[in-house]
Undergrad: 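Sharing a structure, written as structure tokens. Questions coming.
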Amino acid sequence: MTWCQHALAYAEMKWPHLTPHSRASLADALATIAPLLTRETGRRPPAQTLRAALYGHAFNARRRCRAPGPDTASALAWVERASLPVSQLGDPRVIRAALDGLCTRLDGSRAAANTITRKRAVIHGALGYAVELGLLPANPVGLVRWRAPRAAAAVSPATVASPAQVRAILAQVSRIKPELAAFFGCLYYAALRPEEAVTLRRDNLILPAHGRGKVILTAACPRTGSAWTNTGNSHEPTGLKHRPDGAIRVVPIPPVLVSMLCRHLGDHGTTPDGRLFRGARGGMLSESVYGRAWHAARRAALGPDLAATALARRPYDLRHAALSLWLNASGTPAEVAARAGNSARVLHEVYLHCTDGQEDTVSQRIEDALDAGTGITHASPRAKASGYTHRRHRPRPCPLYVREPARSPAHGPRKPGPAAAAARH
């Protein structure tokens with residue numbers, strides 16, 4: 001059996017168990033790997049033609065049953081002839097060359113670290129399936145001392161908007177496209193993923209007349225190419241991300257979002273099937289529709305200078321801003337992770353560098369310890385929206401929520417003001 005034949009069998013085995021996005025991701029990886037595991041021949045088709053044939057036809061179960069076009073058929077025939085036998089993949093030199101090939105894009109530039117890691121996982125899984133079928137004695141990827149470049153998981157603080165900046169953008173959304181104000185409010189005040197917000201229904205909401213409410217999430221509806229879904233539609237409902245089928249997630253929401261959702265229901269109602277947000281002609285709200293509204297509102301709210309930066313560039317950055325603020329405000333990562341639908345480990349890795357408000361507190365305590373016994377005292381730092389008044393560095397272009405630092409014991413208790421003293425006496 002050749003590698004190409006085995007890869008097709010592996011894709012067919014995985015297809016029924018994958019979400020549409022994962023199907024496309026698997027095909028993308030296998031389409032990259034297949035040309036790397038071929039013999040050198042003098043009539044190799046162009047790289048773009050090979051990729052189009054493999055990704056768009058061979059590794060797509062819905063399209064593979066159709067007759068391919070002439071160029072696609074010719075490219076696939078070449079791959080079948082040139083593909084290496086699976087038995088040769090036990091050679092570490094062959095596997096190392098294939099893994100090195102994952103690091104380069106079609107245009108010759110270096111692939112992103114996350115992409116390399118994802119595709120390495122696919123080739124490892126496919127070769128593991130070969131071991132399962134008895135085609136190989138052991139997975140050769142595990143025998144090669146090759147390490148994928150480390151991907152940067154942490155969110156850049158430069159993308160995280162402050163509460164004031166988010167309010168300004170949402171105000172512009174209300175002016176430009178008011179039917180989407182509550183949608184973006186859900187991304188920020190409830191930290192929902194966009195695919196979770198687009199499928200929200202009235203039945204998912206608990207909206208009291210006063211105080212906090214709740215959003216009860218039961219499903220998501222991510223957008224993928226229609227070629228990868230079971231229905232042929234670009235949106236296909238799935239369960240919650242990283243959760244077993246039938247799992248729910250309850251997210252308490254602040255009064256400000258309760259008000260936004262009540263206003264949305266009063267002004268815009270729901271679709272016939274109960275969805276809060278609708279796209280063109282009443283269909284599913286698409287990325288292109290809410291993306292255009294977001295970019296227009298962001299430019300209007302931030303001005304040309306800030307709009308040219310990475311600050312809140314994508315609607316998804318609202319979720320990043322929300323989780324960064326929740327971590328700053330609460331200091332309870334387990335509860336924040338439960339609300340966000342992440343693990344505490346992922347929350348720590350992704351958002352640790354976005355927490356703020358501790359640097360000046362720690363610096364103040366160090367200075368107090370250095371000055372102990374010298375009689376030198378320092379004014380306690382005062383918090384502002386953009387940071388501390390005595391900070392030695394210029395404020396960040398994307399200020400984060402900052403908590404009032406705890407008063408250092410070296411300063412002693414704060415003296416009561418005149419009004420408090422008069423009241424006590």
Side-chain angles (χ1 to χ4, degrees), residues 154-176 180-194 197 212 251-260 290-291 293-333 335-336 339-340 342 347-348 350-363 381-406:
V155 168
S156 170
T159 67
V160 179
S162 71
Q165 290 167 332
V166 173
R167 287 193 295 269
I169 298 174
L170 293 182
Q172 290 297 326
V173 173
S174 297
R175 182 183 64 84
I176 296 171
L180 292 182
F183 170 78
F184 292 119
C186 288
L187 305 191
Y188 183 64
Y189 293 113
L192 300 191
R193 299 178 177 92
R212 303 183 192 93
V251 184
I253 59 175
V256 60
L257 182 55
V258 173
S259 299
M260 293 179 76
Y290 68 72
W294 175 255
H295 293 309
R298 178 177 173 271
R299 284 193 300 269
L302 299 182
D305 292 337
L306 273 182
T309 70
L311 177 65
R313 180 172 292 165
R314 308 169 305 155
Y316 202 100
D317 290 328
L318 286 173
R319 174 176 161 88
H320 294 327
L323 297 182
S324 302
L325 183 139
W326 290 3
L327 283 172
N328 277 293
S330 68
T332 55
E335 172 64 20
V336 172
R339 297 186 181 199
N342 282 335
L347 199 72
H348 181 271
V350 174
Y351 296 100
L352 175 65
H353 300 291
C354 287
T355 56
D356 195 25
Q358 302 301 316
E359 178 183 345
D360 292 278
T361 301
V362 173
S363 297
R382 298 176 60 190
K384 302 193 304 179
S386 60
Y388 288 90
T389 55
H390 300 294
R391 65 193 300 173
R392 289 180 169 81
H393 304 286
R394 299 180 64 182
R396 298 180 182 182
C398 50
L400 307 180
Y401 177 89
V402 181
R403 291 181 292 167
E404 180 71 23

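Quantities reported herein were computed from a predicted structural model and do not represent experimental measurements.
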Undergrad: Side-chain contact test, heavy atoms from C-beta onward, threshold under 4.5 Å: evaluate it for L323 versus V350 and give yes or no.
TA: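 Counting from C-beta outward, L323 and V350 never come under 4.5 Å.
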
Undergrad: Within the 4.5 Å heavy-atom criterion, are P255 and R212 side-chain neighbours or not?
TA: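 Yes, side chains in contact.
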
Undergrad: Can you name the nearest heavy-atom pair linking A161 to V166, along with the distance?
TA: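 Looking at all heavy atoms of both residues, the shortest contact is CB-CG2, 3.8 Å.
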
Undergrad: Taking all atoms of both residues into account, what is the closest heavy-atom pair of L170 and A181, and its distance?
TA: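 Residues L170 and A181, closest heavy atoms: CD2-O, 4.5 Å.
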
Undergrad: Out of curiosity, R298 CZ to F184 CZ, how far, rounded to the nearest 0.5 Å?
TA: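 Rounded to the nearest 0.5 Å, the CZ-CZ separation comes out at 12.0 Å.
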
Undergrad: Closest heavy-atom contact between L257 and A190?
TA: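 So the two residues come closest at CD2-CB, 3.8 Å.
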
Undergrad: Starting at SG of C186, measure out to CE of M260 and round the result to the nearest 0.5 Å.
TA: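 If I round to the nearest 0.5 Å, the distance is 8.0 Å.
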
Undergrad: As a test of understanding, state which of R319, R313, R314 forms a side chain to side chain donor-acceptor pair (under 3.5 Å) with D317.
TA: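 Among R319, R313, R314, the one that satisfies the side chain to side chain donor-acceptor pair (under 3.5 Å) with D317 is R314.
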
Undergrad: S324 versus V155: any side-chain heavy-atom pair under 4.5 Å?
TA: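 No. Closest side-chain heavy atoms not under 4.5 Å.
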
Undergrad: When rounded to the nearest 0.5 angstrom, what distance separates CD1 in I253 from CZ in R339?
TA: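 CZ of R339 is found 11.0 Å from CD1 of I253.
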
Undergrad: On a heavy-atom basis, which atom in L187 and which in L192 lie closest, and how many Å separate them?
TA: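 That would be CD2-O, 3.4 Å.
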
Undergrad: Out of curiosity, L311 CG to L302 CG, how far, rounded to the nearest 0.5 Å?
TA: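 Rounded to the nearest 0.5 Å, the CG-CG separation comes to 5.5 Å.
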
Undergrad: Can you give me the closest heavy-atom contact between P194 and F183, atom names plus distance?
TA: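 For P194 and F183, the tightest heavy-atom pair comes out as O-CE1, 4.2 Å.
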
Undergrad: Could you tell me if the side chain of Y188 sits less than 4.5 Å from the side chain of I169, heavy atoms only?
TA: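 The answer is no; the side chains never approach within 4.5 Å.
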
Undergrad: Is there a side-chain contact between Q172 and R299 in this structure, where contact means two heavy atoms from C-beta onward sitting under 4.5 Å apart?
TA: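 No; the side chains remain at least 4.5 Å from each other.
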
